[in-house]
Amino acid sequence: MLEPSLKIEELAFAYPDGNQALFGVNLVINKGERVALLGPNGAGKTTLVMHLNGIHETTHGKIFVSGQLVDAQDKEGLKKIRSQVGIVFQDPDDQLFMPTVGEDVAFGPYNMGLRGAELEKVVTKALALVGMSEYKDRPPHHLSFGQRRRVAVATVLAMKPEILVLDEPSSNLDPASRRELADILRSLDVTVVMVTHDMPYAYELCERAVILSQGIIVADDKTKNVLTNEKLLKDNRLELPVGFSIN
Amino acid sequence: MLEPSLKIEELAFAYPDGNQALFGVNLVINKGERVALLGPNGAGKTTLVMHLNGIHETTHGKIFVSGQLVDAQDKEGLKKIRSQVGIVFQDPDDQLFMPTVGEDVAFGPYNMGLRGAELEKVVTKALALVGMSEYKDRPPHHLSFGQRRRVAVATVLAMKPEILVLDEPSSNLDPASRRELADILRSLDVTVVMVTHDMPYAYELCERAVILSQGIIVADDKTKNVLTNEKLLKDNRLELPVGFSIN
Amino acid sequence: MHIPDGFIDLPTSGIFAAASAAGIALSLKGAKKSLDEKSAPLAGLTATFIFAVQMLNFPVAAGTSGHLLGGALAAVLVGPYAATLALSVVLLMQSFLFADGGLSALGLNIFNMAFIGVWVGYGFFLLIRKLLPKTKSSITIAASIAGLLSVPAAATGFVLQYAIGGTATFSVQTVLAAMVGTHVLIGIGEAIITGLAVGAVMASRSDLVYGWRGNSSLLEIRKSI
Amino acid sequence: MVRNINKIEISHTELGHHHGHDVGERLYLHRHSIVHSLPPHVKIVAAFMFLFVVISTSITQWQLFIFYFSLILLTLTVAKIPIKLAATRSLIEIPFVLFAVLMPFFGTGEQFSIGPVDLYRAGLLAGLSIVGKGTIGVLIAIILSTSTTAREILRGLEKLKLPQLMVQIASFMLRYVNVVTDEMERMRVARASRGFEATGIKHWKILATAAAALFIRSYERGERVHLAMLSRGYDGVLPHEEVTKVSVKIWIKALTLPFLALLAHLLMIVWK
Ligand SMILES: Nc1ncnc2c1ncn2[C@@H]1O[C@H](COP(=O)(O)OP(=O)(O)OP(=O)(O)O)[C@@H](O)[C@H]1O
Ligand SMILES: Nc1ncnc2c1ncn2[C@@H]1O[C@H](COP(=O)(O)OP(=O)(O)OP(=O)(O)O)[C@@H](O)[C@H]1O
Ligand SMILES: [Mg+2]
Ligand SMILES: [Mg+2]
């Protein structure tokens, strides 16, 4: 059988100041799935996401990416995993660091060995996808928030990851960009984990939804079932917007 | 006649690197109005907002807050205007800087002269409003993004401004917090300017909507009219979410 | 205390350049063990802070300039080896970018600030930490006192170099008195900054402090579906 | 009701090429000149060689110093660096100039007097030497940093075998300077918009708390950014163009200056 894209076992984590954010998360995501990761503010979604490529060291529990254990000690393995798992951070300022947008998007592919015309092509394409081509020579920190978010998405797309993890990708995007991003995600043949507070967006894009609450998974089902289970939603500070209905 | 809360005349602005973001904005907002400021990414919304209390110096055009000119040279006047206009920034990291959440919320009221029990009361109340009371002694930069956003709102509420300007306040908030924020805003007797990409939210909360596009105001009408004018929406990269309908 | 070009003669500069190169080589060996993925950027940030703080140059009585050194601070935060490297980098960049400290005097400056400043500071830190109870505030106090003492120590290094190869005509005694005297004063500022910075890091990210190894808390596991 | 307002294009000041706000980029002056186009490590070697010739020259051979200074002036002109800019940046040297100015008044040995003041000959010479050599040193560094970006200088040092770990720390540093100034600016704006203006000693406590918070904040921001870099395959080396081998011609071009200086120095010795 095919190894699942992601397999998380009993993952627990406390921040250095002692705050425990994850209390034993178990989750399996198969290749090609698109899964929405829902949950109230402070549930631990970002903390979980940061584990998926070894940014937070796994101190308790295990994570497997395409069958390979994420292990902070194993530098080579980590490097490989990081080229497979692309994370779009919740805060674009954490993601962008090069002097120009173009260099920033080129950073990942460059490290993967691309050079010259090939590199150029990847960068141009990624920027075109998110509609930021004309900003190529601008410094990223001189962009509007939504523009920074789009560039952040481009930096990750340019790396062609097999597993794409997006932490609230739609926030601060204008509605058209939001739809365009959905179109991009649908067109890619990758596993997608998307953290979001935007229920309609989750419904539109993901077949399956998982709710993380207070550091554990409390629901894992078809998105439709999750979003129509009123008690479940209410218990986890989730609701559908006024004026919105499923079907 | 009563002075309008905000009066903006021919406001134009270029960033130090030469990028012009505003090209002559005219806008009048009366006392007690709640106005949604819509527009695509990079339209200049944040740039406009940053002018409203003199963070960006007005280089061309004029801004009046309750009839008083915003003038970077007039330190006293500016101080008064800053106590009247409360801005919730798009990025909570731009807002929070003290070592603990409690100190951060207390900062504004303290500068306005509040001390002791009175100060304590204001802080407690503001934190309770956004549901962050138990985080009072935590450092703000150790909170989740949504939690930081809520604290950012609290820091501004604690100052009891007459004009509340919110730059994408609902982004990164979980759906329940989003509704709670709407309830708070409705309960306050203040003028509200809200930048948002969340059309249903704008519709729910604001009577009037203004579209800023490429640095100028291109529409100013009842929110309902704006959101039902398909051509207008389309021209400005705005759309209603799938599954959402007005009436 | 950044020595410019032509202030100490060439042979002396050469000797100290060689000494500095040797010291850096040793520190590279030592730092390899303690610097990992996460602490390498901390060394960079420490360098940045020291860089920023050292930009505040103010003249000292006898004519030379004084400023904070940051040697003890760096040693407590990232360990003495990485601190030596961080300070050397600061001095290198200062001389290349800002002409602060002569290019030919780099060896002299690195010796005083990146070696004496760091290692004397770290030595005192270890000593004082031993004398105090094992608490978080002891770390802050020890770092602060170490900061105070490291400054005149580094100034003494300057006097030594001056005695060997100084091109100026002031007597060594005069320079010694002036340098050490004023640097005790600067040391007080150094102590305050070091204490504040170490205290702040201890308060919310004690895991980052090299001179303190706290015990990690136990994790609780809850039932998930 | 959809209004249409004509765009007002306002003029803005020409700031030249201003990319980012890197500390190194801020010092850097974008011009097209031979000096700018030389590879950084070649420039660094030339600078050091020139400097050694200068320092090993005795101040009593003042004609040589005039020659050295003219070479520097020539380079400044060729590199299209305004003299005024170089002058302002060399103010960094002031403390040592003060030191040198005092020297002729104190000391021992042979004395002579100009008008009412007695001066020591040895002190005067030593003072002149310190000012002369120090100034040339400062000017050389200024030419280097105005004609080369900080990142290039770093790459040059890397080429000259500066250890990788130090190169890494230095590149972190160059980046963090932006992080720190960014965070500092954010915090300043945040304070101002909530009615705070630092006016005196009574505000030191707030500023000190803020400074401490700044330290952690910038560190954590830097840490997250660093981890983001790792996520994208960073392994210690920032992308840069492949360096082609520097031709002999370029070396010769760059070394003209130190060579001329050395030649003059040797001629002087022979002539004496
Ligand atoms: N750096 C940190 N240090 C300590 N505690 C932290 C830190 N970052 C987050 N936390 C805490 O860990 C918990 C989980 O945070 P996390 O950021 O994972 O939440 P989240 O689900 O992503 O929330 P949001 O929807 O608001 O982004 C929260 O209670 C938060 O306060
Ligand atoms: N610091 C800056 N320096 C230069 N240009 C900037 C800066 N900040 C923003 N801009 C530019 O000014 C324009 C307006 O930006 P602004 O942040 O006001 O947009 P916005 O309407 O708030 O967008 P968003 O919805 O993405 O937040 C954009 O084109 C942006 O690239
Ligand atoms: Mg999050
Ligand atoms: Mg904005």
Side-chain angles (χ1 to χ4, degrees), chain C residues 3-7 9-10 13 24-25 28 31-32 35 37-38 40-45 47-49 51-52 57-60 62-66 82 85-86 88-90 92-93 95-100 102-105 167-171 174 193 196-197 199-201 203-205 208, chain D residues 23-24 27 47-48 51-52 55-56 89-90 92-96 98-100 102-103 106-108 120 122-123 126 129-130 132-134 136-138 140-142 144-145 150 153 157 163 165-166 168-173 175-177 180 208 211-213 215-216 218-220 222-223 226 230:
Chain C
I3 304 170
D5 290 307
F7 191 77
D9 66 20
L10 262 186
S13 305
I24 286 177
L28 280 170
K32 281 254 160 65
L35 279 186
E37 214 171 65
K38 292 205 175 182
L42 183 55
L45 182 83
T48 312
F49 252 76
F51 182 75
N57 247 307
F58 44 95
V60 169
T64 54
S65 66
L85 297 179
S88 303
V89 166
V90 169
L92 195 73
M93 293 323 268
S95 64
F96 272 97
L97 296 179
F98 296 94
D100 194 10
L103 291 174
S104 68
T167 60
T169 51
F170 293 113
S171 76
T174 322
I193 302 260
L196 274 177
V201 183
S204 66
R205 286 298 299 273
L208 296 177
Chain D
V23 62
L27 296 169
F48 267 100
L51 204 51
F52 284 135
I55 296 174
S56 44
R89 284 199 192 155
S90 46
I92 186 114
E93 208 200 352
I94 289 271
F96 277 90
L98 291 178
F99 186 91
L102 289 177
M103 266 193 276
F106 305 90
T108 47
Y120 292 91
S129 167
I130 286 172
K133 293 175 181 177
I136 292 181
V138 165
I140 287 176
I142 289 169
L144 203 56
S145 65
I153 289 183
L157 290 170
L165 196 52
M166 289 179 78
Q168 248 192 61
I169 293 178
S171 44
F172 277 131
M173 187 177 112
R175 229 205 31 245
Y176 282 142
V177 169
V180 174
F215 185 83
I216 304 275
S218 351
Y219 173 69
E220 289 187 333
E223 186 184 39
H226 175 60
L230 290 175

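What you see is a predicted model; the values in this text were computed from it and never measured. Numbers restart at 1 for each chain; the letters A, B, ... are given by sequence-line order, proteins then strands. Only heavy atoms go into these numbers, but all of them, side chains included; no hydrogens, no water, no symmetry mates.
- In terms of heavy-atom proximity, G6(C) sits nearest to I55(D) at N-CD1, 4.2 Å.
- Here the shortest heavy-atom pairing between A200(C) and I216(D) reads O-CD1, 3.4 Å.
- Residues M166(D) and V89(C) come closest through the heavy atom pair O-CG2, 3.6 Å.
- Remark: S13(C) engages I8(C), L108(C) in a side chain to side chain contact (heavy atoms under 4.5 Å, CB included) (not counting sequence neighbours).
- Distance CZ/R89(D) to CZ/F98(C): 8.5 Å, rounded to 0.5 Å.
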Problem - side-chain contact (heavy atoms from CB on, under 4.5 Å) between T169(C) and Y120(D), intermediate numbers included - result: CA-CA 10 Å; T169(C) 51; Y120(D) 292 91; over 6 Å; no
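- In this structure, the side-chain hydrogen bond (donor to acceptor under 3.5 Å, both in side chains) partners of S104(C), at least two apart in sequence or on a different chain, are D5(C).
- Of the listed residues (T167(C), L45(C), L10(C), I24(C)), the greatest number of heavy-atom pairs within a distance under 4.5 Å of chain D belongs to L45(C).
- With a 4.5 angstrom heavy-atom cutoff, L157(D) touches chain C only via side-chain atoms.
- Both the backbone and the side chain of F96(C) come within less than 4.5 Å of a heavy atom in chain D.
- In terms of heavy-atom proximity, A168(C) sits nearest to M103(D) at CB-SD, 3.3 Å.
- Residues F48(D) and L103(C) approach most closely at CE2-O, 3.6 Å, considering heavy atoms.
- Contact of L92(C) with chain D is made through the side chain alone, with heavy-atom distances under 4.5 Å.
- Of the listed residues (I136(D), L51(D), V138(D)), the greatest number of heavy-atom pairs within a distance under 4.5 Å of chain C belongs to L51(D).
- In plain terms, the two heavy atoms of A141(D) and A99(C) that are nearest each other are CB-CB, 3.6 Å.
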